There are 4 protein chains.
Amino acid sequence: MTSSPSLAGVIPPVATPFTPAGDMDLDGLQFNLERLNREPLAGYVLGGSNGEFSSLSIDERLKVVELARQVTPRDRLLIAGSGLESTRGTIELTERVAKLGADVAIVVTPGYFRAKMSAAALEAHFTQVADASPIPVLLYSVPANTGVDLPAAAVAKLARHPNIIGLKDSGGDITKIGQMINDTPAGFQILAGSAGFLLASLTLGAVGGVMALANIAGRQLHELYACFQSGDLAGARAVQLPLIALNTAVTARFGVAGLKAAMEMAGYKGGAPRAPLLPLAEEDWATLRQIMEQAGMFA
Amino acid sequence: MTSSPSLAGVIPPVATPFTPAGDMDLDGLQFNLERLNREPLAGYVLGGSNGEFSSLSIDERLKVVELARQVTPRDRLLIAGSGLESTRGTIELTERVAKLGADVAIVVTPGYFRAKMSAAALEAHFTQVADASPIPVLLYSVPANTGVDLPAAAVAKLARHPNIIGLKDSGGDITKIGQMINDTPAGFQILAGSAGFLLASLTLGAVGGVMALANIAGRQLHELYACFQSGDLAGARAVQLPLIALNTAVTARFGVAGLKAAMEMAGYKGGAPRAPLLPLAEEDWATLRQIMEQAGMFA
Amino acid sequence: MTSSPSLAGVIPPVATPFTPAGDMDLDGLQFNLERLNREPLAGYVLGGSNGEFSSLSIDERLKVVELARQVTPRDRLLIAGSGLESTRGTIELTERVAKLGADVAIVVTPGYFRAKMSAAALEAHFTQVADASPIPVLLYSVPANTGVDLPAAAVAKLARHPNIIGLKDSGGDITKIGQMINDTPAGFQILAGSAGFLLASLTLGAVGGVMALANIAGRQLHELYACFQSGDLAGARAVQLPLIALNTAVTARFGVAGLKAAMEMAGYKGGAPRAPLLPLAEEDWATLRQIMEQAGMFA
Amino acid sequence: MTSSPSLAGVIPPVATPFTPAGDMDLDGLQFNLERLNREPLAGYVLGGSNGEFSSLSIDERLKVVELARQVTPRDRLLIAGSGLESTRGTIELTERVAKLGADVAIVVTPGYFRAKMSAAALEAHFTQVADASPIPVLLYSVPANTGVDLPAAAVAKLARHPNIIGLKDSGGDITKIGQMINDTPAGFQILAGSAGFLLASLTLGAVGGVMALANIAGRQLHELYACFQSGDLAGARAVQLPLIALNTAVTARFGVAGLKAAMEMAGYKGGAPRAPLLPLAEEDWATLRQIMEQAGMFA
């Protein structure tokens, strides 16, 4: 096998806009991607948690990848979410996104049978997916959504698979991130799954991040990344600290609805999330705007 | 609206057998259903958690309902799982299972965005589904799988919807079950979601149960139910207590793999679960057999 | 060893009143106990969670037992909390409450090192305490406070100890309660630790309950108990269901502050809890009063 | 108010050795402290979680501080744990450790009534303690033991109190640590509560750490700290990564029993923890020794 594609840098899990009627707004998505193309980003994740993949049909998930392939420049990575609850379904979807031109498949841990998602079960799942996948696989652990935290020891084993190139860790346990960096080969690429712990992760050896906040603050996150790369830790910290509250606002606090509202305020096509997610409450718009201001988003 | 169908009695969430190659084994399913037809059961749930709905494609979920409709006598209820993560998808799937002849749709709470599944979000979701559904809706709360526990106050509100006829509660918080029975109208039907708390639930006013254990012990569970109905509490307790360990074995302890192994030992077509669920470990078969013996399953 | 004292019936974990200055109000406690003496109760727990034992000094814990011994009639059980985090400290305190005349020691699981409170550690702890105790020991599992849920298998083992006579289970997992009743000898006495699941527990074989609500609703809870004993399940249910919301109000919802406010409204000396517990918020008094009214407390 | 004492650097929460009979081994403690005096440490915490304060009597807690005062050089900080479940008890104990010469009081969040430990309750508690304390107060949040995670917003408020100088955060949520550093005044000192996230915390602006591992690896942790201070991030990372597994072994994995076993292997007086904690299992000694070897502890 040849060398793995580099995941280094800042990558947004691209949101999926919907029309008021609830259909996918592919024009809006194209608008967003073309605008993101002008930001200093290393690539895109389509069909991630913030892309509401769990609320899309299989056909919709494929359409998103198809469109993104047309709009994404070849020097940016196109990473497509292809996880389903079953191994069988995941393999099939991975093959389909590969055919549509995805460079990398990001595969979330199954979660419905979380109590039985032992290290052995997860290792078998990802091994089978990676064996079958025509494109490199990026592991994805997001316990807040799945109830499953991919164990560090499982990651250490899976990292030896030639077709598994990295991990997006959205759990944010920095001790575990450090342990995984220690236990995986040099080329295995660990990505912060949220901007709240990007600098801490980079410090320990992560290569970048796939972060909801990068949908609206790619420039700032790239600045953090560039400062860190150049050895300017104080500069990186000066970017990191004021961004945490905003990051929390568009993730844990207000969720996808908050991210999409922030996108609207930042000039992107956001709209409302698909039900059962509720749109951002009226009274939270002002709060969110204020948080964005405090983070210097309108400066 | 006419009177709701009665959910009273013992109902299994029917397991989905697979061939060694991983395809659905519809012949096995038919074999199981025909044998279950000879047990004292009130109906069947197809496409529930123990039916591994989360690991089936949409087409597979529909095929299961189609087959069950052919095999299920008209005096037994056919309850089809139609929950998906999105409200939109759930509505569409509910309409499809209704067209295939399902009597009732059982709709699990969405769970991927659990942190945002507020009472308001869940009430809106189920209201929209029930508004659109051609058949009565049975709510389904199973926090061990979804991370979401449908709040008692939300159930009290949803119970007023004319097309929502009951709740399968697999959380097993008996205090919450009592609260919901107190707060919902007389005709709203609450079902124990696991055999471990069937008698306790009946005592407080539940009308029956949808229970994994009913795949193999319908006769015993019906005996418990019948004792309770006839006022023989001591008799009901004498059935309940020794069944708890077996119930735990085929649910929390060994999961679907355990249920399917127990089905094999009881003469049904069980087979292995679909990956990522692992089959029951070699060393656990003897343990499970012993638990079945102690529960009088081979008597 | 002679026969164990009977724990059957309704028992309040007696609250500890404080003066506005924060000292123990022993006069208030005496007033409450004398009034409780006129209610149909089987005994008292002093120094339980609702007695705020964790906020009392050792000397204060002893004074409470000393006073209760003077006020408690000999035909009611005096059960004294003697749990501390260390086995050594628990043994010493158990000996001291025994000397003060307690009939039974109720011993809570240690919780500070919860991650290490394995079944083996808990079995060793309670065995050593029971070996040393001059009076019978009542196990006490209250995971909401300690983070430790005494495992059913540990209870089954400890139930064989001649000086361990029962368990107060405040976790309320009715499946676990049933399993423990199945696995322990006939004379081992299991008590519901909260009124929300009293009827369900009795149904499975519990002998009674130690319940915060019994501080204000001993008569109603006794009625529930008496109905159940006489085979009047419908009558028992008619008492149980409307009490759940009130029980939740004086436990999970408003906590000890709510219990004490309810005591005030019911004519007992309640007062404020000791800091860091905050007194019931102004706006919650009306809510609580309404819940009490709905439960028929002022009828 | 004069300037706060500096908490910068590496500080162990000193373990409390016991004799085989279970009494405190003050000679062993003195031996350990005198040996620790030769390590590059900034001070000592006595009566912390790893000092098993929860298993000590009040008198024993005071004796430990008294001894430590005699043995601790004046250029090292003596930080004494003075937290109890009640505000009243905490104030009294804080005054007593101050009289014994403690420089700083470390006050753990109460936890028994965790469900009621709102931000308001915790703010009131710590404010009252800090108002009354003759010595500066260090907040201590350790959710794994108490079930309470002191909210970032509460820390931001408490940081304005002139007598509250910092926080030991053992939760290890690096996003929260960053948020608190952002929201507290420059002089407020945040300490990593475990060595697993020391480097990440320093990167964001923490001033040091109070870490169980410093009982045996003060030199290595100081090296990490010194590398970081001198701008040698690669050097700091090279120390951090291999220490994580060892740190986990003496904290989450094997707990206090593991820490004490490691102390024995490193030449300190460790012994067994006090019951209910069990001593390290026979079979775990070899595993622990191997982990220590891999971390270079015997190099």
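If you're wondering where the values come from, they're calculated on a predicted model, not measured in any experiment. Values below: all heavy atoms of this structure, side chains included; hydrogens, waters and symmetry mates excluded. Below, read A as the first sequence line, B as the second, and so on, with proteins coming before strands; counting in each chain starts at 1.
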Regarding A/Lys176 and A/Asp149, does a basic nitrogen lie under 4.0 Å from an acidic carboxylate oxygen?
yes
Could you tell me whether A/Lys157 and A/Glu123 have a side-chain N and a carboxylate O separated by less than 4.0 Å?
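Salt bridge flag = yes for A/Glu123 with A/Lys157.
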At a heavy-atom separation under 4.5 Å, does A/Leu233 approach chain D through its side chain, its backbone, both, or neither?
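For A/Leu233, the side chain is the part near chain D, not the backbone.
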Less than 4.5 Å to any heavy atom of chain A: does that hold for the side chain of D/Gln179, its backbone, both, or neither?
both
Side chain from CB out, backbone as N, CA, C, O: work out which of these in D/Leu202 comes under 4.5 Å of a heavy atom of chain A, or both, or neither.
backbone
Shorter than 4.5 Å, heavy atoms on both sides: which option in [options] has the most such pairs with chain D?
options                      : result
A/Pro242, A/Gly172, A/Ala152 : A/Pro242
A/Leu241, A/Ile177, A/Asp183 : A/Leu241
A/Ile181, A/Asn182, A/Leu198 : A/Asn182

Could you check whether any side-chain N or O of D/Glu39 sits under 3.5 Å from a backbone N or O of D/Asn215, counting only pairs where one atom can act as donor and the other as acceptor?
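Not a single qualifying donor-acceptor pair exists.
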Using modelled atom types and a 3.5 Å cut-off, is there a donor and acceptor pairing between side-chain atoms of A/Ser201 and backbone atoms of A/Ala206?
no
Look at atom CD of A/Glu282 and say whether more than 12 heavy atoms of other residues, nucleotides or ligands are closer to it than 6.0 Å.
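No, CD of A/Glu282 has 12 or fewer neighbouring heavy atoms, counting only those of other groups under 6.0 Å.
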